[in-house]
Every structure is written in structure tokens, then in C-alpha cells.
Protein chains: 2
Amino acid sequence: MDREEARERLLGAAETLYYSRGIHAVGMDEVRDRAGVSLARLYRLFPSKAHLVAAYLRARDERWRARLSAFVEDGTPERAGSSARLLAVFDWLAEWFAEPDYRGCAFINAWGEIGGADDLVASAVREHKELFRAYLVGLAADRPDPVATAEQIQTLAEGAMVTSAILGGPAAARARSAAETVLAAA
Amino acid sequence: MDREEARERLLGAAETLYYSRGIHAVGMDEVRDRAGVSLARLYRLFPSKAHLVAAYLRARDERWRARLSAFVEDGTPERAGSSARLLAVFDWLAEWFAEPDYRGCAFINAWGEIGGADDLVASAVREHKELFRAYLVGLAADRPDPVATAEQIQTLAEGAMVTSAILGGPAAARARSAAETVLAAA
DNA sequence: GCTAACCTAGAACGGCCGTTCTCGATAGGG
DNA sequence: CCCTATCGAGAACGGCCGTTCTAGGTTAGC
């Protein structure tokens with residue numbers, strides 16, 4: 001097993017364990033066991049747990065945004081206009097929320113656990129939310145005020161993630177209908 | 001110090017510590033020190049940490065909803081209509097977000113930390129969000145579909161709590177303007 | 001074939017956590 | 001006045017965590 005494969009197996013194990021059970025609740029031994037990588041090698045690749053957690057969050061951020069943009073761009077024709085693409089975000093959220101292992105937004109959860117206590121983790125969370133916002137600004141590019149539109153859409157999306165995780169129900173569809181109203185009003 | 005005062009001091013210490021630093025990060029010794037109550041007495045009043053955490057959340061839920069409803073009912077005349085009262089929710093959120101020790105929603109944070117791992121804590125979180133929703137349904141009573149309106153307003157409010165905590169900025173005002181649009185559309 | 005570097009398995013360490021126990025002090029009821 | 005029950009301070013306990021260390025194996029270069 002070369003260095004790259006060890007790194008990927010560690011990040012995969014970290015994602016599965018941290019996302020499903022939380023960060024504090026999962027020890028380094030468990031990550032090592034699931035990845036099949038020795039503890040010494042783990043610490044050679046990630047010098048502390050905070051580094052591993054931040055790397056897990058950054059890897060998840062990239063996969064999450066790639067999945068979202070693939071869904072939006074595949075499902076919505078180029079010239080469909082910004083409203084259709086922004087609404088497609090909620091269709092993707094609905095699919096995500098329906099996955100059996102959905103446990104809310106990993107970044108919101110990490111923020112609740114770590115807060116500002118660790119700079120590495122806090123900045124990974126903040127950057128993910130900034131990149132999500134930037135993506136929405138891009139989708140809203142041909143609207144009068146792309147930034148304002150993106151911020152309102154993001155607020156609805158974050159709210160849907162939270163209420164879906166805690167209360168369940170068709171949170172994405174409800175947020176989508178609010179988004180339709182917001183987008184129709186400009 | 002009688003039983004009631006000990007209980008209140010423990011809940012006050014728990015609220016300050018858990019809200020500002022997270023649940024996992026605060027040990028029972030620290031709660032005992034800040035409350036000035038012996039550990040034996042703490043465990044006589046709350047048989048486990050989960051009981052203390054759940055009691056902290058339930059006490060915070062009551063104070064939080066009391067503050068919100070006092071703001072909405074004091075600041076908005078009875079006959080102002082449901083839109084004004086629902087928008088006042090966001091004015092109160094703006095005041096809350098501006099408090100120097102604002103660290104996001106305690107219930108969303110607790111959910112991120114505990115998830116479904118503890119039933120006592122999970123049900124306290126769920127019930128808080130249900131009671132918040134029920135309050136909004138009451139505010140929206142004279143609208144065509146009070147439940148649908150309340151759910152959209154709640155989505156915006158939860159989204160504002162999250163984005164304000166992580167990204168800062170005038171999240172409440174932005175959510176308020178989206179809420180204005182949503183409320184004007186029915 | 002030897003050395004040196006890197007690997008694994010797992011023990012070890014210091015520290016903290018939740019919980020219980022010890023022990024002496026205190027105070028109210030008979 | 002004594003007995004009992006509750007109290008406070010803090011030690012003690014078992015367990016887990018993050019991190020480092022040890023011991024021995026495997027491989028690659030000379």
C-alpha cells in the first residue's frame with residue numbers, strides 16, 4: 001500500500017466514522033482499524049487529530065460540491081435560466097436528505113462540536129460555507145442582484161438541512177417552494 | 001442553600017459552560033466548581049450527565065421561547081396582523097445574533113454533538129424545534145395555510161441561525177427580507 | 001549479505017472524564 | 001443530648017483518548 005492509498009483509506013474511514021457518529025465520539029484507534037493502516041503511519045500522514053478532521057472536511061467539501069454541481073448542470077439545460085438552476089439545488093437536497101445515512105450537514109455538525117476551539121477545523125467549515133455561497137452566486141449570475149439572491153437561497157438551504165436532520169419531513173420541498181416565491185419576486 | 005437553589009445554580013452553570021464551549025468539552029467537575037455545589041449533590045439532583053444536559057436544554061428552551069414571544073408581543077400591536085408578528089421574529093433574531101456571546105443555536109449545536117446517540121438529549125432538541133414551529137403556526141393563525149407559512153418561516157430562521165454563527169454578517173436582516181417576500185406572496 | 005530505512009502491531013503514557021466512595025462536619029427531630 | 005440524615009471536599013476508580021514509543025519484520029541499495 002503506497003502513501004496515496006493509505007491517505008485515501010484514512011480519509012474514507014474518517015468520513016464514514018466522523019459523519020455518522022460525530023468527531024468527539026470516534027477515537028484514532030477506530031479510524032486506524034477501519035482504514036487498516038498503522039497508527040504510526042496515520043500520524044506520519046496527519047500530525048494530529050485536528051489535521052485529520054480538517055482534511056476529512058476539505059475532502060468532503062470537494063465531493064459534496066462536485067455532486068451538487070453535477071446534478072444541477074446535468075439536470076438543467078444551459079439556457080434554462082438561473083431560476084431553474086437555483087431550484088435544482090433543492091431537488092438535489094431532497095435526494096441527499098433521502099439517503100438512509102443522512103445525518104445533517106457535516107460542517108454544521110462539526111461547527112456545533114468544535115465551535116471556534118480549533119482553528120484548522122473552524123476555517124475548513126467556514127470555507128465550505130463560503131464556497132457554497134460562491135457557487136450559488138455563480139448560479140444567480142444573470143439576476144439583478146446575484147449576491148442577495150444567493151444569500152437568500154443559501155439561508156433556505158441551510159435551514160432545510162437543519163430541519164430535515166432534526167424534524168424530518170419534506171424539508172427540501174418546502175424550502176424549494178419558498179425559493180420559488182423568492183425567485184419570482186425579483 | 002436549599003434544593004431549589006442548588007438546582008438553579010447547577011442549571012445556570014451548565015448553560016454558561018455548555019453553550020459557550022460545547023457539551024463534550026465541559027466536564028462535571030467544572031460544572032460543580034462554577035455552581036459551587038458538591039459533586040454528590042449534583043448527582044443526587046441529576047443522575048447522569050445526560051440528565052443534566054437535557055435539563056439544561058429544556059430550561060433554555062423555555063427561556064428562549066419566552067424571550068422571543070415577549071419581544072414579538074410587546075413590540076407588535078395585537079391588530080398588526082400575522083405578517084408583522086412573523087417578521088418581528090427576525091428582528092428578535094437580529095438582536096440575539098448581536099449579543100457578544102452568541103454561538104449559534106444551542107439545540108442545533110447539541111444535535112451536531114450528540115446526534116441520536118442519547119435519547120434524552122435528542123428528544124429535548126426535537127421538542128424545542130417542534131415548540132418553535134408550533135409558536136410560528138400560532139403567529140400565522142389568520143393566514144390561509146398557517147402550517148405551510150410557519151414551516152417556511154422556520155426554515156429561514158434556522159438558516160439564519162446557522163449562517164450567522166458560521167459566516168457572520170447581517171443574516172437576520174437577509175432572512176427577514178426573504179420572509180417579507182414569502183409573506184407577501186400569499 | 002548487510003545496512004538502513006520504513007513498515008506493522010501493539011504496548012505504554014499522561015491526562016481527562018463520568019461516576020462512586022470515603023470521611024468528617026453539620027444540623028434538625030425525638 | 002443523641003441519632004440520623006444530609007451535606008461538602010475531595011480522593012478513588014475504571015475507562016477512554018490522543019500521542020509516542022518499542023520491538024520486530026520487510027524491502028531496497030550497495
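To find a chain, count down the sequence lines: A is the first, B the second, and so on, and within it residues start at 1.
Using a 4.0 Å heavy-atom distance criterion, B/V31 is classed as making no nucleic acid contact.
For the atom pair B/K49 NZ and B/Y56 OH, the distance stands at 11.5 Å (nearest 0.5 Å).
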request  = Start with the C-alpha distance between A/M28 and A/L52, add both sets of side-chain angles, then the distance that settles side-chain contact (heavy atoms from CB on, under 4.5 Å), and finish with yes or no.
outcome  = CA-CA 10 Å; A/M28 298 296 263; A/L52 175 61; 4.2 Å; yes

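Of the side-chain N and O atoms in A/R44, one or more sit less than 4.0 angstrom from OP1 or OP2 of C/dC7.
Closest to the side chain of B/K49, from the set C/dC21, C/dC17, D/dT19, is C/dC17. Distance from the side chain of B/S48 is smallest to C/dT19 among C/dT8, C/dT19, D/dT20. In this structure, the nucleotide among C/dG18, C/dC7, D/dA9 sitting nearest to the side chain of B/M28 is C/dG18. Of the candidates C/dC17, D/dT19, C/dT8, C/dT8 carries the atom nearest the A/S38 side chain, counting heavy atoms from C-beta on.
Both B/H24 and A/V37 lie near DNA chain C, and the one whose nearest nucleotide falls closer to the 5' end is A/V37.
Salt bridge B/E73/B/R85: absent, no basic N to carboxylate O contact under 4.0 Å. For the pair B/R34 and B/E30, the salt-bridge criterion is not met [side-chain N within less than 4.0 Å of a carboxylate O].
A/R41 places its CZ atom 12 Å from the P atom of C/dC6, with the value rounded to the nearest Å.
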